[in-house]
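Scope of the values below: all heavy atoms of this structure, side chains included, with no hydrogens, waters or symmetry mates.
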Amino acid sequence: NISYNCLMNAYSKSDEDSADKVEAILEKMNSFAHDTNVFSSEAASRISPDETTYNSMMNYYASRKNDHISAQRAEDLLLQLSGLSQHDSGIKMDSTSFNIVLKA
């Protein structure tokens with residue numbers, strides 16, 4: 001999980017358009033987290049996206065200034081994170097999440 005989050009964070013600091021790569025990382029994390037044929041449930045839970053994952057993704061989109069689609073995507077991720085935090089998934093929103101979206 002830490003490696004994936006670091007990779008997303010690195011993309012957010014890059015000037016290149018890496019939206020497809022960032023989205024692919026989240027998809028891969030979600031598929032690994034739900035594939036108990038490959039990973040034990042303990043290993044899968046360590047790969048699952050967490051609030052840092054969503055904050056890193058929102059930060060990627062928030063760092064794309066003058067792009068309304070990116071700002072909307074950051075807000076969409078915040079709403080998705082809000083839904084996850086309300087469903088006792090172990091993911092909790094924090095003030096960082098809101099501050100990142102405000103930056104967008």
Side-chain angles (χ1 to χ4, degrees):
N1 182 316
I2 293 172
S3 297
Y4 288 118
N5 291 342
C6 288
L7 184 57
M8 280 191 213
N9 193 34
Y11 281 132
S12 74
K13 292 179 169 78
S14 169
D15 288 335
E16 88 178 54
D17 181 12
S18 305
D20 292 339
K21 294 175 185 176
V22 172
E23 293 288 340
I25 292 169
L26 180 64
E27 287 178 30
K28 184 172 281 203
M29 290 176 76
N30 277 321
S31 69
F32 285 158
H34 295 99
D35 190 354
T36 54
N37 294 328
V38 176
F39 297 102
S40 68
S41 60
E42 181 183 331
S45 70
R46 290 191 307 238
I47 298 172
S48 295
D50 59 12
E51 55 275 355
T52 303
T53 306
Y54 282 93
N55 285 345
S56 294
M57 284 193 69
M58 288 185 289
N59 195 47
Y60 169 80
Y61 286 110
S63 67
R64 303 299 174 250
K65 298 295 182 189
N66 300 323
D67 185 352
H68 298 293
I69 294 169
S70 290
Q72 181 62 53
R73 182 65 181 127
E75 183 180 355
D76 292 345
L77 286 165
L78 180 67
L79 294 173
Q80 187 177 355
L81 180 59
S82 174
L84 289 170
S85 66
Q86 291 176 3
H87 288 93
D88 197 31
S89 63
I91 296 178
K92 300 293 180 209
M93 293 178 69
D94 57 14
S95 61
T96 302
S97 306
F98 289 100
N99 288 331
I100 290 170
V101 173
L102 289 173
K103 180 174 77 170

Stepwise side-chain contact (heavy atoms from CB on, under 4.5 Å) test for Asn55 and Asp94: CA-CA 9 Å; Asn55 285 345; Asp94 57 14; 3.6 Å; yes

Test log, rule side-chain contact (heavy atoms from CB on, under 4.5 Å), inputs Met8 and Ser12: CA-CA 6 Å; Met8 280 191 213; Ser12 74; over 6 Å; no

Steps toward side-chain contact (heavy atoms from CB on, under 4.5 Å) verdict (Ile2, Asn5): CA-CA 5 Å; Ile2 293 172; Asn5 291 342; 5.6 Å; no

Criterion side-chain contact (heavy atoms from CB on, under 4.5 Å) on Ile91 and Thr53, from CA distance to verdict: CA-CA 10 Å; Ile91 296 178; Thr53 306; over 6 Å; no

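Residues Ser18 and Tyr60 are in side-chain contact: their nearest non-hydrogen atoms beyond the backbone lie under 4.5 Å apart. Counting only heavy atoms from C-beta outward, the side chains of Lys13 and Ser63 never approach each other to under 4.5 Å. In this structure, Met93 and Phe98 have side chains that are in contact, with non-hydrogen atoms separated by less than 4.5 Å. Between Leu26 and Asn30, the closest side-chain pair of non-hydrogen atoms falls below 4.5 Å.
Taking both residues in full, the closest heavy atoms of Leu81 and Ser97 are given as CD2-OG, 3.4 Å, listed atom of the first, atom of the second, then distance. A pairwise comparison of heavy atoms in Ala62 and Lys103 identifies CB-CE, 3.9 Å as the closest pair. The two residues Arg64 and Ser70 come nearest to each other via the heavy atoms CB-OG, 3.6 Å.
Looking at Gln72, Gln80, Arg73 one by one, the single match for side chain to side chain donor-acceptor pair (under 3.5 Å) with Asp76 turns out to be Gln72.
The structure places CG of Leu102 at 10.0 Å from CD of Glu75, a figure rounded to the nearest 0.5 Å. To the nearest 0.5 Å, the span separating NZ on Lys28 from NZ on Lys21 amounts to 13.0 Å. Here the CG atom belonging to Asn59 is positioned 11.5 Å from the CE atom belonging to Met57, to the nearest 0.5 angstrom. Between the OH atom of Tyr54 and the CG atom of Leu78 there is a distance of 11.5 Å, given to the nearest 0.5 Å. Within the model, atoms CE of Met58 and CD1 of Ile100 stand 5.0 Å from one another, a figure rounded to the nearest 0.5 Å.
Surrounding CG of Leu79 are more than 12 heavy atoms belonging to other residues, nucleotides or ligands, all under 6.0 Å away. Counting non-hydrogen atoms of neighbouring residues, nucleotides and ligands closer than 6.0 angstrom, the NZ atom of Lys92 exceeds 12 such neighbours.
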